[in-house]
Undergrad: 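Could you have a look at this structure, given as structure tokens, before my questions?
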Protein chains: 4
Amino acid sequence: MTEILHDVARIAHAELLTPTPEESLRFFVDVLGMEEESRDGASVYLRGWGDYLRYSLKLTEAPQPGLGQLALRAWSPEALDRRVAAIEATGLGRGWVEGDVGHGPAYRFTDPDGHLFELFYEAERYVPPEHLRPSWRNQPQRYVGRGAGVKRLDHVNVLAADVRANRTFAQDVLGYRLYERIELDDGTETGAWLSLSIAAHELIYVKDAYGASGRLHHLAFWVDTREECLRAADLFVDNDVYIEAAPSKHAVAAGFFLYAYEPGGNRIEVTTGGYFVYDPDFEPTVWTAAERARGQFWGVHTIESFHTYGTPPVEPPASR
Amino acid sequence: MTEILHDVARIAHAELLTPTPEESLRFFVDVLGMEEESRDGASVYLRGWGDYLRYSLKLTEAPQPGLGQLALRAWSPEALDRRVAAIEATGLGRGWVEGDVGHGPAYRFTDPDGHLFELFYEAERYVPPEHLRPSWRNQPQRYVGRGAGVKRLDHVNVLAADVRANRTFAQDVLGYRLYERIELDDGTETGAWLSLSIAAHELIYVKDAYGASGRLHHLAFWVDTREECLRAADLFVDNDVYIEAAPSKHAVAAGFFLYAYEPGGNRIEVTTGGYFVYDPDFEPTVWTAAERARGQFWGVHTIESFHTYGTPPVEPPASR
Amino acid sequence: MTEILHDVARIAHAELLTPTPEESLRFFVDVLGMEEESRDGASVYLRGWGDYLRYSLKLTEAPQPGLGQLALRAWSPEALDRRVAAIEATGLGRGWVEGDVGHGPAYRFTDPDGHLFELFYEAERYVPPEHLRPSWRNQPQRYVGRGAGVKRLDHVNVLAADVRANRTFAQDVLGYRLYERIELDDGTETGAWLSLSIAAHELIYVKDAYGASGRLHHLAFWVDTREECLRAADLFVDNDVYIEAAPSKHAVAAGFFLYAYEPGGNRIEVTTGGYFVYDPDFEPTVWTAAERARGQFWGVHTIESFHTYGTPPVEPPASR
Amino acid sequence: MTEILHDVARIAHAELLTPTPEESLRFFVDVLGMEEESRDGASVYLRGWGDYLRYSLKLTEAPQPGLGQLALRAWSPEALDRRVAAIEATGLGRGWVEGDVGHGPAYRFTDPDGHLFELFYEAERYVPPEHLRPSWRNQPQRYVGRGAGVKRLDHVNVLAADVRANRTFAQDVLGYRLYERIELDDGTETGAWLSLSIAAHELIYVKDAYGASGRLHHLAFWVDTREECLRAADLFVDNDVYIEAAPSKHAVAAGFFLYAYEPGGNRIEVTTGGYFVYDPDFEPTVWTAAERARGQFWGVHTIESFHTYGTPPVEPPASR
């Protein structure tokens, strides 16, 4: 069990699909304040000022918005081998690919819901060009201060038809720890907050309201302070970015949030805060439907779309 | 190597010695806003509102201020056994003790500098009494909002005659990871920032300016925002608490700080911020003396006492 | 015109009526963090740490919640005389009263909607007792740091059947300046933000949704930072205080808000931010119904009760 | 007396002289985040996003850094006439000039120390071009979010050989109110904090340590939150802007500060916070030398240059 726990180190990057690549790029660069680190074909690779690897977002042109793939980094070559073996045993493996900008060979697989993942170990540490060299060497890049100035990708929230199946896959096969989850009175699991570290969440599964598969709820980008979330909201307002949920504090995981749609239609969060889990025997909080009906931490009730919209968009089931 | 890395989970609590127990207790309860969780003999056990275990500070009456012991929690019973064996092999082991309020049997040892540590696995999760029950169950305790309202103990900074020897002990025997260190031109190591998690530091060794052994530089308590550090400084001013270093941002580790002396004479920090290390191959930043001469992140030069004072206080060496 | 403008200096204090005086007092002292400065009969006089006069809130037991009176301070004895003459000319004067805790003779009157006001000049500057003496003399009182730690009363929002009539009374008779207002397509004025200073609002009139008279929408208490509003919300949650509107940013006047009900049923705001009006020829912003339909600054739509509830509570008109 | 008090409304703008106009412009635009509103000859006119007039900073090429002139706006044409008559009576008048970008005829004069002022009434309200049109009409300009994003010029601090003489001129001739001042044991006045409004300071006189005349201590630019001051410090570090005093809280006036030198050599402050003075009989705080020796609010001792450096730079007197 122990070696499973620490075989996967982190989410290295997420690939976001967008039907409006130029507008999406402008959003991530000018409004969120990321840097373009590389380009390759239909993809632009973007980084926050606090990313130690070369990038944390791969933005790829596609007919539909959604999640391209989620790239995880293993803790070591041995850990990579162990996880690949475990994944292959589940039948969800897709095989090795050669690598991509900034990292080495990767093993592709899907979770039970069909989201595409890859797992690799070899990765390039970011070396800033002269104009992005920071004043202090323990900061990977100069703080440019453009737009919201997000520091790095923080977590990924995906929708799934069966949360429990995907949550247990993440725990048993990838070594994620479970910190919070929601279970309805009929036993249905509708949300699970998972982490590879002391951070309260890195990967979240939420039940797809339409029963669809492989959809994205949101990508979350980190800022160091709640004031930066508030400031980001001001920027969104003056840049005509649609705010779906104004800054407030989550009940689950207690993080501070701001939700908006990037021009390609994908939901984006600017986030900070939450709690740290230092203990090995931390008991996950299990929420009931009644408790979730209280809304967010300060009583805010998020709008309907927050609980139904995902990318790619799908039609509500007829029988709904 | 891998199993070493994750055998120790965290600093469970620190024991602080004070010659003025009543005044120190008033400081931690009324000014820092901690709760008294238990008492036993000459000790009072205190907790922040975010502590998942019963307490993170043990305040003990003693003739001199200083660090009593530093209690670490192992990841599992097996991890505890592995670490005890490794410690015993170094000759620094002291043997088992029965336990204390809130935790089971503990193995005592010292680091090479003579600071007393203990390591245990069994620990009680905090169950709040009725008047401290939080509104949301994923928060361990009601947020009372008294004084600075610190959330939990964050890190411990100890002075050592030989930083390198203690740093390598922490790495090789306890499994700490090294994120930053300072090395003078003559090769002397004068500071090392160590962590068991993605947090930028949990245990820090700094060279004792007087060449003494076993001394404490400071205990640091976490708040979630920089604004809380600023507010704590206002509280310190109006509570006649001596501020040694007003709120500002560290160069090393990039955390936000406020340093003060509690009534017993020990240095206390209120801290937040910093960076997270998600990557397994993170390369520690090594600072030169010239770089450290730039002062803190925004150019603040901390006063002389910050670099010499520790507890218990000692006389400067005559030859200095 | 010019002398009208500066004859009234400020809102000195507001009197709040409560059917649950003990619970309301506990809220203002323990949760909002005010100090009890004096008592007289059925009233307790409360102050924030930043009040230069003795108090800014008079809390009075009464069968129903609501606003007792709003006390204004004139700029000088001559200004007081000028304003009294002007008020008397309107027929809304009620005559002089002897004074109250902390201030001299006051002239009573009502606005056209029937809210009771008083106007005085003589007032006592606060002299802190020993235990509340601040460290720095330019701060009127020690910063105690209890609860939300509000600094002072900031503004008062009253409901009125006819906003325009009351707004012009405030401008023409009391010398308030108008900074923003809302006018529906049919010409009905539904809100007016008035000030005696560069602050964006000190007195607000909002149309009473039920057509009632003399009701209170809310009293607003100032904190210096948005983070203190967020912290106050955490305190409200853990003190079972009903939050009607979680922290966010207003569209009108651009202030930061948190709305809650104190135990007596009156709506309370914790506020900061907004803009300053330094120019004499500032042109008031006039909002249309369509613009107000966008919600608050970041798109938050406040709940229905925010637009209908006031104190004392009344029944909705039958024909509604 | 009363009409003196409100005849002058505000500091409309300050003119800053710089020997490095291009570098200074880049600093104000790229690092402080101001907008270029107009150009005329050797001057560029700059504005913050919260300025209601067209600009608040006029940046002018000159052989030496320093203050060009300080432009005040009168409350009305009548108030302008009254003040001009009062100034002429002092013999410090210089006569009328035709006006400048964005405002009408102005009367020029100096204070006793020789700083050049001008006073006018007619001024143009800012009308944003399409690309700077804000989402909400009560905000004068779009919040662009570039650099530190300062909102507007806040206050001006000038050095004077004789503080008392200049302070009384400001009070008796211009109608400023005095909120705080420093008086040494020998009766020398070494600082005076003056305001035309409830804001704790708009114009400050500090004794010139070198006995020179007409020098500038600093221009202060407003941000709405302390977090923006901290963020500005990060930006300064990564833009090689010299920080003279890292973010902290002033003892006098209790404002939050960050001091740096713009490329031309002038000291610039990024500021927020402080207190409001609503009462007509507010008694100024008078500080002794002993009190000022405590340093700033949290004990920070600003470096020597903060007390001696001004622009234009001068040599220390030989006898010092």
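Note that this is a predicted model, so its numbers are computed, not measured. So you know, we letter chains A, B, ... as the sequences are listed, proteins then strands, and number each from 1.
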Undergrad: As an exercise, state the distance from OG of A:S135 to CG of D:N239, rounded to the nearest 0.5 Å.
TA: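 So the gap between those two atoms works out to 10.0 Å.
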
Undergrad: What is the minimum heavy-atom distance between D:D234 and A:Y143, and which atoms define it?
TA: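 For D:D234 and A:Y143, the tightest heavy-atom pair comes out as CB-CD2, 4.0 Å.
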
Undergrad: Chain D contacts: which residues in residues 244-263 of chain A have a non-hydrogen atom closer than 4.5 Å to it?
TA: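 Within residues 244-263 of chain A, near chain D: nothing under 4.5 Å.
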
Undergrad: For D:V144, is it the side chain, the backbone, both, or neither that has a heavy atom closer than 4.5 Å to a heavy atom of chain A?
TA: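 Contact with chain A: backbone only.
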
Undergrad: Counting heavy-atom pairs closer than 4.5 Å to chain D, which one of A:V31, A:D30, A:T225, A:L230 comes out on top?
TA: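 Most heavy-atom pairs within the cutoff with chain D belong to A:T225.
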
Undergrad: Please look at D:E228 and chain A and tell me whether the side chain, the backbone, both or neither of the residue comes under 4.5 angstrom of a heavy atom of that chain.
TA: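 D:E228 has no heavy atom closer than 4.5 Å to chain A.
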
Undergrad: Between A:R231, A:R133, A:E227, which residue shows the highest count of heavy-atom pairs closer than 4.5 Å to chain D?
TA: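 Looking at each option in turn, the highest pair count goes to A:R231.
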
Undergrad: For the residue pair A:R142 and D:D238, what are the closest heavy atoms and their distance?
TA: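 Minimum heavy-atom contact is NE-O, 3.0 Å.
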
